[in-house]
Protein chains: 2
Amino acid sequence: MLELIQDDGGVTVSSEQLARRGHTTAAQVRKDLSHFGSFGKRGLGYSVDELRDRLRIILGLDRVWRVILVGAGRIGSALFEYPDFKKRGYDCVAVVDSDPAKIGEKWGERVIRPAEELESLIKELHAALVILAVPASAAQLVAERSVNAGVRGILNFAPVQIQVPEDIPVENVNLVMELEALSFQITRALTP
Amino acid sequence: MLELIQDDGGVTVSSEQLARRGHTTAAQVRKDLSHFGSFGKRGLGYSVDELRDRLRIILGLDRVWRVILVGAGRIGSALFEYPDFKKRGYDCVAVVDSDPAKIGEKWGERVIRPAEELESLIKELHAALVILAVPASAAQLVAERSVNAGVRGILNFAPVQIQVPEDIPVENVNLVMELEALSFQITRALTP
DNA sequence: ACTTTCTTGTGAATCTTTTCACAAGCGGCT
DNA sequence: AGCCGCTTGTGAAAAGATTCACAAGAAAGT
């Protein structure tokens, strides 16, 4: 949001304006930000540039994160080509798949590597994150292997809840569950 | 989760077991379920079959939801091919794109339709949901057009917060933001 | 210099969610 | 029939999140 405001030439922004854009309240914006420090000027609001930079540091976006993509199927391919990816500081340093037919295939500058090399690739390329774009049945094993090889966080697209040590953050994206959340809300509105 | 337990031959399941699988607590499972009724048997737990069926009704999954996919790019294609999609009761009744080069292309049984037909397709095919797999710049307009044509819910993959009437549920999937959530958690653990 | 107009940062109040803890109920075993 | 081992459903307590509301500070105009 701050970058969009920058593009529009905005120099300062109030909690009220941020709240409207982000579908929340001004008090919420201020409380949340105050958690990390005091970034605004009374009477003026927040400097867009400064707030953006401070948030980038808080979110750990002031460095490049090396990512390994596991699974070169449809979802993997969509992610790999996603343009905002590299722009945002996420560098996909390797793509891995277990299908012999896919190994060796070229995706841009990367060649698809066999799944057995997962651990060595994580170590050699110093990957901090893995993206799991594999079937549900393979997700738990790949997650364990990744954690053992030193990965620090996991983005999981498989529709299962994977179990990892609690100091390893996991974010889940479950497309069917998102649709089900919509179905529920629509249904509930009809039958109160 | 209940379906996985069914596949494993489980007949009853306790709140404790569900909690372990779902990474939550037994009390939470019971409180949440009690919100919708009383489904368990004391001393025994929940009947897997019965609970599954009841939840399907609560979530509105006891019917087929017609979905229109807007945007036939990488993400759209990954979603369209996603196998669980149809299995789960979501029927993609049309695919729409604004790129003349793509219009007319065949995806399985569907032919990609021009974006101008969005409203008429929603009405004629009685689509309840749209999936927005379009660039950020197009998302707001497509959302408005969809709502005006009678859509009841939106799954938004564009990295913007779209503004629609508050009785229309919107679920957002923002891939970069998921990665940023991981970066934040890892960074925070390092600098407490 | 003073007044007006904004807007932050934050304690206090309110609202919501989660956890605790236990009576009540079910099935199996003796 | 009576007891024992489990597990639910749920009030009550605790924890957490959001909203309120206002003093304090900053700029701009007079």
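Just the heavy atoms: all of them, side chains too, but no hydrogens, waters or symmetry mates, feed the values below. Just so it is clear: chains get the letters A, B, ... in the order the sequence lines come, proteins before strands, and each one is counted from 1.
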Chemist: List in numerical order all residues of residues 4-18 of chain B for which some heavy atom is under 4.0 Å away from an atom belonging to DNA chain D.
Modeler: S14(B), S15(B)

Chemist: F39(B) has an atom CZ; how far is it from atom C1' of dG25(C), in whole Å?
Modeler: 18 Å

Chemist: Take G45(A) and D32(B), find for each the nucleotide of DNA chain C with the closest heavy atom, and name the residue whose nucleotide sits nearer the 5' end.
Modeler: G45(A)

Chemist: Are there more than 12 heavy atoms of other residues, nucleotides or ligands under 6.0 Å from atom CE of M1(A)?
Modeler: yes

Chemist: Using a strict threshold of under 4.0 Å (side-chain N to carboxylate O), is an ion pair present between D84(A) and K87(A)?
Modeler: yes

Chemist: Considering non-hydrogen atoms only, spot the tightest contact between Q17(A) and T12(A) and give its length.
Modeler: OE1-O, 4.3 Å

Chemist: Would you list the protein and nucleotides 2-5 of chain D atom pairs, both N or O, that sit under 3.5 Å from each other?
Modeler:
none

Chemist: Locate the shortest heavy-atom distance separating A143(B) from I154(B); write the atom from each residue and the value.
Modeler: CB-CD1, 4.0 Å

Chemist: Using a cut-off of under 3.5 Å, enumerate the N/O to N/O pairs linking the protein to nucleotides 11-16 of chain C.
Modeler:
from	atom 1	to	atom 2	distance (Å)
dG11(C)	O6	K31(A)	NZ	3.2

Chemist: In whole Å, I'd like the distance from the NZ atom of K41(A) to the C1' atom of dT8(C).
Modeler: 12 Å

Chemist: Is L118(B) reachable from L132(B) through a run of hydrophobic residues whose side-chain heavy atoms are each under 4.5 Å from the next?
Modeler: yes

Chemist: Check whether any side-chain N or O of S34(A) sits under 4.0 Å from OP1 or OP2 of dG9(C), and answer yes or no.
Modeler: no

Chemist: How would you list, by chain and number, every residue that makes a ring-ring contact (aromatic ring centres under 6.0 Å, His included) with F80(B), sequence neighbours excluded?
Modeler: W107(B)

Chemist: What are the two closest non-hydrogen atoms of A139(B) and A158(B), and how far apart are they?
Modeler: CB-CB, 3.6 Å

Chemist: Under the criterion salt bridge (Lys or Arg N to Asp or Glu O under 4.0 Å), I'd like the reasoning laid out for E3(A) against R88(A): C-alpha separation, chi angles, the key distance, then a yes or no.
Modeler: CA-CA 12 Å; E3(A) 285 170 4; R88(A) 288 296 175 158; 2.9 Å; yes

Chemist: Starting at atom CD of Q28(A), determine the distance to atom C1' of dA17(D), rounded to an integer number of angstrom.
Modeler: 7 Å

Chemist: Looking at R20(B) and E16(B), is there a salt bridge between them, counting it only when a charged N and a carboxylate O are closer than 4.0 Å?
Modeler: yes

Chemist: Is any NZ, NE, NH1 or NH2 atom of the basic residue among E50(B) and K41(B) found under 4.0 Å from an Asp or Glu carboxylate oxygen of the other?
Modeler: no

Chemist: Nearest whole Å is fine: how far is dT18(D) P from H23(A) NE2?
Modeler: 16 Å

Chemist: Show each protein N/O and nucleotides 21-23 of chain C N/O combination with a separation under 3.5 Å, one pair to a line.
Modeler:
from	atom 1	to	atom 2	distance (Å)
dA21(C)	N6	R30(B)	NH2	3.3

Chemist: To the nearest Å, how far apart are F36(B) CZ and dG9(D) P?
Modeler: 14 Å

Chemist: Between the side chain of N156(B) and the main-chain N/O of V160(B), is any donor-acceptor distance below 3.5 Å?
Modeler: yes

Chemist: Of the non-hydrogen atoms in I162(B) and H23(A), which two are nearest, and what is the gap between them?
Modeler: O-CD2, 4.2 Å

Chemist: Counting N and O atoms only, with roles assigned by atom type, does the side chain of E105(A) sit under 3.5 Å from a partner on the main chain of V111(A), one being a donor and the other an acceptor?
Modeler: no

Chemist: In whole angstroms, how far is the C1' atom of dT8(D) from the CD atom of E50(B)?
Modeler: 13 Å

Chemist: Can you list every ring-ring contact (aromatic ring centres under 6.0 Å, His included) pair that touches residues 109-137 of chain A, not counting sequence neighbours?
Modeler: none

Chemist: Output the rounded distance in Å from CZ (R54(A)) to P (dG9(C)).
Modeler: 10 Å

Chemist: Counting side-chain heavy atoms from CB outward, which of dT19(D), dG9(C), dA26(D) is closest to Y46(A)?
Modeler: dG9(C)

